[in-house]
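Okay, so here's the structure we're looking at.
All of these numbers come straight from a predicted model, not from anything done at the bench.
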Amino acid sequence: MMQVEQTNMTLPLWGLAFFIGWTIAVVILLLAVRVRHLSAGGSIKDFSTKNDDSLLWRLVRVHSNLVENLPLYLGVVFLLTVRGVSGTAVDLLVVVYILFRLVHSVIHIAGLDPKFRFFTLVIQLSCLVALTIMAVF
């Protein structure tokens, strides 16, 4: 019988767990808003109607955005873990990335000015690029 060695949870892995948890929370919130919408007589067709004033539409977009970005972060965590790259700089970049990922979602859900979302996106992408460089080199 093969024995598998357990790996300790690093901050990048905790960040991944948080990212997954946040994505699940948004899905639950989206489902609740959809059920409320349908029970109030709304149509299923409204789920895909682009309307930035609609919480339903904003949640659909937040969910899509999380699903689009999760593989990027997962890939970075994979590289960091496999290569054994860790340290204060990695941990700081992970915390900043996850924090700005969360803020990005909240800004979108609240329907605030898209310029704020763009700012958080720039920060997130900068963190991912830096982490990728650290993992590869």
Side-chain angles (χ1 to χ4, degrees):
M1 187 152 101
M2 183 191 292
Q3 187 172 355
V4 178
E5 186 177 326
Q6 187 173 357
T7 304
N8 290 332
M9 286 293 285
T10 61
L11 199 56
L13 289 172
W14 279 114
L16 181 59
F18 182 83
F19 198 141
I20 293 167
W22 176 242
T23 304
I24 291 169
V26 167
V27 169
I28 291 169
L29 182 59
L30 177 57
L31 289 173
V33 171
R34 282 182 169 183
V35 167
R36 185 184 74 183
H37 176 77
L38 292 173
S39 64
S43 169
I44 291 176
K45 293 177 182 179
D46 296 334
F47 294 171
S48 61
T49 302
K50 295 180 182 181
N51 177 4
D52 287 334
D53 294 329
S54 165
L55 176 60
L56 180 61
W57 174 250
R58 292 193 312 270
L59 283 169
V60 167
R61 291 300 310 137
V62 168
H63 172 256
S64 295
N65 192 264
L66 287 167
V67 170
E68 292 164 0
N69 283 276
L70 184 55
L72 296 173
Y73 182 70
L74 177 61
V76 169
V77 171
F78 175 79
L79 285 173
L80 291 167
T81 303
V82 169
R83 303 257 308 147
V85 177
S86 62
T88 306
V90 168
D91 291 349
L92 179 63
L93 286 167
V94 165
V95 168
V96 170
Y97 174 79
I98 294 297
L99 178 65
F100 277 85
R101 179 95 293 264
L102 178 64
V103 170
H104 184 273
S105 296
V106 170
I107 289 169
H108 207 153
I109 291 168
L112 301 177
D113 190 335
K115 287 184 274 188
F116 298 126
R117 282 197 332 259
F118 179 75
F119 171 74
T120 63
L121 180 61
V122 169
I123 300 292
Q124 292 168 63
L125 288 176
S126 299
C127 290
L128 286 179
V129 168
L131 287 165
T132 302
I133 290 169
M134 294 170 79
V136 172
F137 301 103

[atom2] on [Y] to [atom1] on [X], rounded to 0.5 Å:
| X | Y | atom1 | atom2 | result |
| --- | --- | --- | --- | --- |
| Leu66 | Leu102 | CG | CG | 9.5 Å |
| His63 | Ile109 | NE2 | CD1 | 12.0 Å |
| Asp91 | Ser86 | CG | OG | 7.5 Å |
| Ile123 | Leu93 | CD1 | CG | 11.0 Å |
| Thr81 | Phe78 | OG1 | CZ | 8.5 Å |
| Gln124 | Cys127 | CD | SG | 8.0 Å |

Hey, quick one: are [X] and [Y] part of the same hydrophobic cluster, counting side-chain heavy atoms closer than 4.5 Å, chains of contacts allowed?
| X | Y | value |
| --- | --- | --- |
| Val35 | Phe47 | no |
| Ile133 | Leu79 | yes |
| Phe116 | Leu121 | no |
| Val95 | Phe100 | no |
| Leu74 | Leu131 | yes |

field: Backbone of Gly42 reached by a side-chain donor or acceptor of Asp46 within 3.5 Å
entry: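 No; judged by distance alone, with no hydrogens or angles, the pair does not exist.
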message: Looking at Arg117 and Ile107, would you say the former's side chain and the latter's main chain have a donor-acceptor pair under 3.5 Å?
response: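 No; judged by distance alone, with no hydrogens or angles, the pair does not exist.
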message: Determine whether Leu99 and Val96 satisfy the following criterion, side-chain contact (heavy atoms from CB on, under 4.5 Å), listing intermediate values before the conclusion.
response: CA-CA 5 Å; Leu99 178 65; Val96 170; 5.8 Å; no
task: Take Val94 and Tyr97, measure what side-chain contact (heavy atoms from CB on, under 4.5 Å) needs, and give me the verdict at the end.
output: CA-CA 5 Å; Val94 165; Tyr97 174 79; 5.7 Å; no
- prompt: Is the CZ atom of Phe119 crowded by more than 12 outside heavy atoms at less than 6.0 Å?
  reply: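 Incorrect, the count does not exceed 12.
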Closest contact, heavy atoms only, [X] versus [Y]:
| X | Y | value |
| --- | --- | --- |
| Ala110 | Arg58 | C-NE, 4.1 Å |
| His104 | Asn65 | CE1-OD1, 3.4 Å |
| Lys50 | Trp57 | CG-CZ2, 3.4 Å |

field: Any Val76 side-chain heavy atom under 4.5 Å of Leu72 side chain
entry: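 Sidechains of Leu72 and Val76: no contact.
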query: Are a donor atom and an acceptor atom from the side chains of Arg34 and His37 found within less than 3.5 Å of each other?
result: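 Per modelled atom types, Arg34 and His37 side chains form no pair under 3.5 Å.
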Sequence neighbours left out, cut at 3.5 Å: what donor-acceptor pairs do the side chains of residues 11-33 make with other protein atoms?
{"unit_1": "Trp22", "atom_1": "NE1", "unit_2": "Ser105", "atom_2": "OG", "d": "3.1"}
{"unit_1": "Thr23", "atom_1": "OG1", "unit_2": "Phe19", "atom_2": "O", "d": "2.9"}

